[in-house]
Structures are given as structure tokens and as C-alpha cells.
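Taking it in order: structure first as C-alpha cells, then the write-up.
Order of the sequence lines fixes the chain letters, A, B, ..., with proteins taken first and strands second; residue numbering starts at 1 for each chain. Nothing here was measured: the structure is a model prediction, and the numbers come from that model.
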Number of protein chains: 2
Amino acid sequence: MPPSHPPANSSLESALQTLRDHQARVTEPRRAILTILTSEHGPFTVEEIYQRIEKGVCDLVTVYRSLAAMEEINLVRRCDFGDGAYRYEFNTGDHHHHHIICRTCRSVKTLDFCVADSLERMARQLGYENVTHTLEIFGVCVNCQKKAARAGGPNPAVPG
Amino acid sequence: MPPSHPPANSSLESALQTLRDHQARVTEPRRAILTILTSEHGPFTVEEIYQRIEKGVCDLVTVYRSLAAMEEINLVRRCDFGDGAYRYEFNTGDHHHHHIICRTCRSVKTLDFCVADSLERMARQLGYENVTHTLEIFGVCVNCQKKAARAGGPNPAVPG
DNA sequence: CCGCCAAATGCAATTTAATTGCATTAATAT
DNA sequence: ATATTAATGCAATTAAATTGCATTTGGCGG
Ligand SMILES: [Mn+2]
Ligand SMILES: [Mn+2]
Ligand SMILES: [Zn+2]
Ligand SMILES: [Zn+2]
């Protein structure tokens with residue numbers, strides 16, 4: 001039987017390699033951030049990521065800067081749920097997807113496909129280059145509907 | 001020949017009526033804001049709207065508050081281009097549409113249709129209520145490509 | 001036409017996510 | 001091991017947006 005290499009978190013390992021490939025250094029804060037993002041889908045606010053990192057490992061501003069650096073090399077993707085705080089998720093690269101966000105509890109459901117390809121094609125036909133898009137679905141999830149029903153009151157207005 | 005009623009800006013008039021219908025008062029700042037939004041598509045940042053209003057008519061915070069009030073009654077729509085400043089446009093109501101935004105000069109092209117209906121349907125089937133969505137296309141417009149070519153340098157990275 | 005009153009406004013202070021400056025630390029190449 | 005310089009910590013700062021409160025004003029009843 002051949003010696004079993006540590007399987008561990010392979011997306012983490014390839015993420016760290018991506019850092020090296022871009023002449024970016026593999027530091028403890030970056031390792032911590034990527035460990036979180038490769039093990040839970042998220043997306044998470046910067047604050048949420050910071051709170052999940054063992055206390056004392058790094059400063060909040062390092063999380064900001066690390067995520068910004070990672071976004072530039074497409075290691076992570078920044079999401080905007082329109083509530084004043086950006087969120088980040090690990091970028092699987094190949095598999096483009098979108099989200100349904102509960103505008104009450106901010107829970108997220110993933111939709112593993114995209115309907116905007118036709119729009120991107122159209123934009124390129126109009127002469128645009130470097131075309132991307134953002135697409136988010138908002139609603140009130142079943143859980144929050146139940147809670148609202150119990151409380152009897154109407155639910156507060158939130159962007160979306 | 002029958003006396004010609006003033007044709008003027010009919011969407012402005014109906015917008016003002018919408019205010020009245022919601023027990024909201026028709027004030028000079030609101031009239032000014034709606035005059036702008038019903039005559040140019042936009043969308044415009046709060047600052048841009050403020051600058052288009054004749055100086056001295058109102059304070060910037062009034063533009064913020066007016067737009068917030070108008071959004072609650074669906075008179076205007078808030079757009080998020082991911083660059084840190086919300087934008088507002090007049091809500092035609094019936095005709096849902098989207099935008100292609102140049103990530104260099106922020107110019108906007110309107111797409112008069114929507115491909116996200118199927119996603120909204122899916123969200124409702126998953127039990128979500130009050131479903132909406134945001135969808136924006138980003139790219140670099142032809143103008144900015146020419147400018148970049150003339151300048152010879154690469155263009156700066158911007159969200160999208 | 002006048003006066004009332006809640007809604008809307010002006011101005012200043014505040015909030016808060018995000019960014020920046022700069023001295024220090026530490027990851028990587030040689 | 002040493003040099004290089006990217007990355008970090010801490011504090012200050014930015015800027016869009018919000019809030020508090022005194023004042024003004026639009027719309028209504030008389
Ligand atoms: Mn996701
Ligand atoms: Mn539009
Ligand atoms: Zn929910
Ligand atoms: Zn452009």
C-alpha cells in the first residue's frame with residue numbers, strides 16, 4: 001500500500017498555490033481566511049470572516065486587505081446584497097452561480113446556474129469589453145414567514 | 001379649435017399625483033427631483049440629482065430623504081452599481097429593465113427586457129415570498145476602449 | 001382668507017463600512 | 001544567514017448615508 005498523502009482540504013491547497021502563482025505571499029491571516037472560505041460557502045461579510053478567525057491572529061484591516069488582494073487574482077468573489085456590507089465567497093472559477101437572499105434573515109440559497117449569459121453576449125455585441133454581471137434574487141424565506149406569522153406584525157422593509 | 005390643455009410633462013404630473021395618493025406632500029424639492037428624474041433616464045447618484053437642482057432650492061439631506069420616501073411608494077427605483085453610491089431612476093412601473101454600465105466612465109445603456117423572471121419563479125417555488133431581483137451588466141464601453149488605446153496604458157480595475 | 005398641525009426641511013452631528021499612512025514585521029529568494 | 005519588499009498593526013481618515021432637533025411649510029378646516 002502506497003503512503004497516503006494527506007488529503008486535507010484540496011481547494012485550500014490549490015488556493016494557496018494560486019497565491020504563490022501570483023507572487024503573493026502565503027501568510028497566516030490569508031491561510032485562516034481561505035480555510036474559512038473553502039470550508040463554508042458563505043458568502044460572508046468581512047466582519048463575519050474576522051470573527052471566525054482565532055482571536056489575535058490578525059487585525060480586521062488585514063482581512064479587508066487580504067480579501068481585496070484575493071479578489072484581484074480571482075481567488076474570491078465579492079457579493080453585494082445591497083445592505084451596506086460587502087460579502088465574499090470562495091471563487092470556484094468554473095461554476096458560475098447566483099443566490100437567493102432572505103431580505104429578513106440574510107440566509108442564502110445557492111442557484112447553481114446562470115441566466116445572464118445571453119445578456120453578456122448582447123453587451124459584447126454592443127461593443128463592450130471585459131463584460132461581467134451581478135445578479136441576486138431577494139425574497140422572504142419560509143422560516144421568516146413563519147416567524148412573522150407568529151409575531152402577527154408585518155415584516156420590515158429591506159432593500160432588494 | 002379646442003383650447004389646448006398644457007401637455008407639459010405628463011409623467012411628472014402623474015408622479016405628483018402618486019405623492020398625493022399616498023398622503024405625501026408635494027413640495028418644491030420633490031417637484032424639482034421628479035422633474036429631473038422624469039426628463040432624463042439616469043439613474044443618478046443623490047449628489048448628481050442635488051447638483052442638477054437650482055442652487056438654494058434645498059439641502060442635500062432633503063434629496064436623500066425625498067428619494068427614500070419616493071422609493072417606499074415605488075415612485076423611484078434604487079440601483080446599485082457597486083461603486084459605493086446608490087443611484088435612483090424614475091420607476092416606470094410596468095416596464096422592468098436593466099442596464100449595461102461602463103466600469104470606466106459609468107455611462108449607462110438601457111436593456112428594455114429582463115431574463116430573470118424564470119429565477120423569480122423558481123424562488124417562489126422554493127417558498128420565498130415578496131421576490132425581487134437585481135441584475136446589472138458591467139463592461140468597458142467603446143469610447144473608453146478608444147481612450148485607453150490612445151493613452152496606451154492599461155485601464156484601472158473597478159468593481160463589476 | 002386665516003390659522004392650525006403634522007409633514008417636511010435645514011443644519012449640525014453622527015454613524016459605519018471601508019480606506020489610507022506609516023512604522024514594523026515577516027515571507028521568500030539568493 | 002541576509003537582503004528584499006510584501007504584508008501587517010494601529011491609528012487616523014474618508015465619504016455615503018443617517019439621525020436629532022428646531023424651524024418651516026403644505027394642505028386642510030373653518
Ligand atoms: Mn455563492
Ligand atoms: Mn434604468
Ligand atoms: Zn429568512
Ligand atoms: Zn465608458
With the threshold set at under 4.0 Å for non-hydrogen atoms, list the residues of residues 45-65 of chain A touching DNA chain C in residue-number order.
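The answer is A:Val61, A:Tyr64, A:Arg65.
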What residues 22-38 of chain B contributes to the DNA chain C interface at heavy-atom separation below 4.0 Å is B:Ala24, B:Arg25, B:Thr27, B:Pro29, B:Arg30
Not counting sequence neighbours, which residues clear salt bridge (Lys or Arg N to Asp or Glu O under 4.0 Å) with [X]? List them please.
X: A:Glu48; result: none
X: B:Glu89; result: B:Arg77
X: B:Arg87; result: B:Asp83
X: A:Glu129; result: none

Residues 43-65 of chain A vs ring-ring contact (aromatic ring centres under 6.0 Å, His included), sequence neighbours excluded, gives none
The complete set of ring-ring contact (aromatic ring centres under 6.0 Å, His included) pairs with one or both residues in residues 22-41 of chain A, sequence neighbours excluded, reads A:His41-A:His97, A:His41-A:His99
Applied to residues 17-31 of chain A, the salt bridge (Lys or Arg N to Asp or Glu O under 4.0 Å) test, sequence neighbours excluded, yields none
Report task. State, to 0.1 Å, how close A:Tyr88 and A:Ile49 come at their nearest heavy-atom pair, and which atoms those are. Result ->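 For A:Tyr88 versus A:Ile49, the nearest heavy atoms are CB-CD1, 4.4 Å.
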Note: with side-chain heavy atoms under 4.5 Å as the link, the other cluster members for B:Phe113 come out as A:Ile100, A:Leu111, A:Phe113, A:Val115, A:Leu119, A:Met122, A:Leu126, A:Tyr128, A:Val131, A:Leu135, A:Ile137, B:Ile100, B:Leu111, B:Val115, B:Leu119, B:Met122, B:Leu126, B:Tyr128, B:Val131, B:Leu135, B:Ile137
For this session: Extract, from 5' to 3' on DNA chain C, the first and final nucleotides lying under 4.0 angstrom from some heavy atom of chain A.
Result: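 Using the under 4.0 Å cut-off, the span is C:dA17 to C:dT28.
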Overall bend of the helix from C:dC1-D:dG30 to C:dT30-D:dA1 (five pairs an end, 10° steps) is 40°
Atom OH of B:Tyr86 and atom C1' of D:dT18 are separated, to the nearest Å, by 13 Å
Whole-Å distance, A:Arg20 CZ to D:dA7 P, equals 13 Å
